[in-house]
Amino acid sequence: MQTFGVDIGGSGIKGAPVDVDSGELAAERYKVLTPHPSAPDAVADAVAEVVGHFGWTGPVGMTFPGVVTAGVTRTAANMDEKWIGLDTHALLGARLGLPVTVLNDADAAGLAEMRFGAGRGRDGTVILLTFGTGIGSAVFTDGHLVRNTELGHLELHGRDAETHASSKAKEDEDLSWAHWARRVQKYLAHVEMLFSPDLFIIGGGVSREADKFLPLVEGIRAEIVPATLRNNAGIVGAAMTASKA
């Protein structure tokens, strides 16, 4: 069974049809840059381009980098502020003319990793963290998702943790892998102090280069592993959610 997934991010919007029985993309994903400014109508047009590239006419699952409740986007830290309080489900559904579902981007990635990836078969507390433009989070207890946790906005050194330890911060400040790994370590230690997870799954685009920084992270009691689905996890999780809807 195939369903379409779209992952809306602060820097890019990507999508593909997904085999929801295997968790594999059914075609090579198509990506466009996120419009700047990332106003709702402009982003909706970009989403329509991604979906239209495949001639897709069925249900579409979509992620959004912020809190999403009942299809309404409540926060938009790395997107245009016009998204805040917007009925995003209605906007994107009308733009595509297709059945849509909308959920937090890290929640979608977490659902995919728990079903098909690094969290498969794991009980206890599992926390997926996606390092990208910001830091997204998905928290699971015995396989059950706690939605919209947004742990990237925990305070660390007097500011949002994601401004200190995201992969964008690494790029913007031209940090070495070792320097950035120390920041990630401090962030993980803070999250671990609060939640005592059994497993951290590290996702986002930077997970492709996990061997360059994860071995440098020390002093964390929980097991730490890179995401298996890497940067496709959001697409897969969005499609999974749409197929159930």
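- In this structure, the side chain of T125 does not engage the main chain of P197 through any donor-acceptor pair within 3.5 Å.
- Put simply, CG on N104 and CZ on R74 are 13.5 Å apart, with the number rounded to the nearest 0.5 Å.
- Contact check for E150 versus I135: no side-chain heavy atoms found under the 4.5 Å cut-off.
- In this structure, L128 CG and S137 OG are separated by 8.5 Å, a value rounded to the nearest 0.5 Å.
- In this structure, A109 and T130 approach most closely via the heavy-atom pair CB-CG2, 4.3 Å.
- Taken from OG1 in T73 to CG in L92, the straight-line distance is 9.0 Å, to the nearest 0.5 Å.
- Between the side chain of T163 and the backbone N or O of D160 there is at least one donor-acceptor pair closer than 3.5 Å.
- Within a 6.0 Å sphere centred on CD of E81, other residues, nucleotides and ligands contribute 12 heavy atoms or fewer.
- Contact record, V67 with T75: N-OG1, 2.9 Å, taken as the closest heavy-atom pair.
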### Message
Working note: R230 + S207, criterion side-chain hydrogen bond (donor to acceptor under 3.5 Å, both in side chains); need CA distance, chi angles, decisive distance, verdict.
### Response
CA-CA 6 Å; R230 297 183 176 176; S207 62; 4.9 Å; no

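- Between the side chain of D21 and the backbone N or O of M1 there is at least one donor-acceptor pair closer than 3.5 Å.
- The heavy-atom pair separating N148 from G66 by the smallest distance is OD1-O, 4.1 Å.
- Ring geometry for Y187 versus F131: interplanar angle over 60°, hence perpendicular rather than tilted (30 to 60°).
- Under 4.0 Å is where a charged nitrogen must lie from a carboxylate oxygen, and between R183 and E173 at least one such pair does.
- With hydrogens and angles ignored, the 3.5 Å screen pairs a side-chain donor or acceptor of E113 with a backbone N or O of A118.
- Of the possible polar contacts, none joining the T63 side chain to the G234 backbone as a donor-acceptor pair under 3.5 Å is found.
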### Task
Under the side-chain hydrogen bond (donor to acceptor under 3.5 Å, both in side chains) rule, what do T241 and T101 come out as? Steps first, then yes or no, please.
CA-CA 7 Å; T241 303; T101 58; 5.7 Å; no

### Message
Before you tell me yes or no, could you show the steps for V68 and T88 under side-chain contact (heavy atoms from CB on, under 4.5 Å), namely the whole-Å CA-CA distance, both residues' side-chain angles and the distance that decides it to 0.1 Å?
### Response
CA-CA 9 Å; V68 182; T88 296; over 6 Å; no

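- Panel note: side chain W83, backbone A77; no donor-acceptor pair is recorded below 3.5 Å.
- Under a 3.5 Å cut-off, the side chain of Q185 and the backbone N or O of G219 do not form any donor-acceptor pair.
- F116 CZ to N232 CG: the interatomic distance, rounded to the nearest 0.5 Å, is 13.0 Å.
- For R159, the CZ atom is densely surrounded, since the number of other residues' heavy atoms within 6.0 Å is greater than 12.
- Ion pair D198/R122 not flagged as a salt bridge, since none of the NZ, NE, NH1 or NH2 atoms sits closer than 4.0 Å to an Asp/Glu carboxylate oxygen.
- With D19 contributing its side chain and L25 its backbone, the two residues share no donor-acceptor pair below 3.5 Å.
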### Message
Would H179 and L216 count as a side-chain contact (heavy atoms from CB on, under 4.5 Å) here? Give the steps.
### Response
CA-CA 9 Å; H179 189 166; L216 303 176; over 6 Å; no

### Task
Under the side-chain contact (heavy atoms from CB on, under 4.5 Å) rule, what do V139 and L151 come out as? Steps first, then yes or no, please.
CA-CA 9 Å; V139 178; L151 300 184; 4.0 Å; yes

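- Note that the CZ atom of R147 and the CG atom of L103 stand 6.5 Å from one another [nearest 0.5 Å].
- Ion pairing between a basic and an acidic side chain is recognised when a charged N comes within 4.0 Å of a carboxylate O; E171 and K168 show no such pairing.
- Other residues, nucleotides and ligands place more than 12 heavy atoms under 6.0 Å from the CG atom of L194.
- In K82, the NZ atom is not crowded: 12 or fewer heavy atoms of neighbouring residues, nucleotides or ligands sit closer than 6.0 Å.
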### Task
Verify side-chain contact (heavy atoms from CB on, under 4.5 Å) between V6 and I235, making sure each step is shown before the conclusion.
CA-CA 5 Å; V6 177; I235 295 173; over 6 Å; no

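- Residues K31 and V50 have side chains not in contact (no heavy-atom distance under 4.5 Å, counting atoms from C-beta outward).
- In this structure, the side chains of I220 and E192 come closer than 4.5 Å at one or more pairs of heavy atoms.
- Taken to the nearest 0.5 Å, the CD1 atom of I201 stands 10.0 Å off from the CD1 atom of I127.
- Looking at H89 and V72, their side chains never come closer than 4.5 Å, going by heavy atoms from C-beta outward.
- A cation-pi geometry, defined here as NZ or CZ lying under 6.0 Å from the six-membered ring centre and within 45° of its normal, does not hold between K212 and W180.
- Residues F4 and V18 form no side-chain contact, since every pair of their non-hydrogen atoms from C-beta on lies 4.5 Å or further apart.
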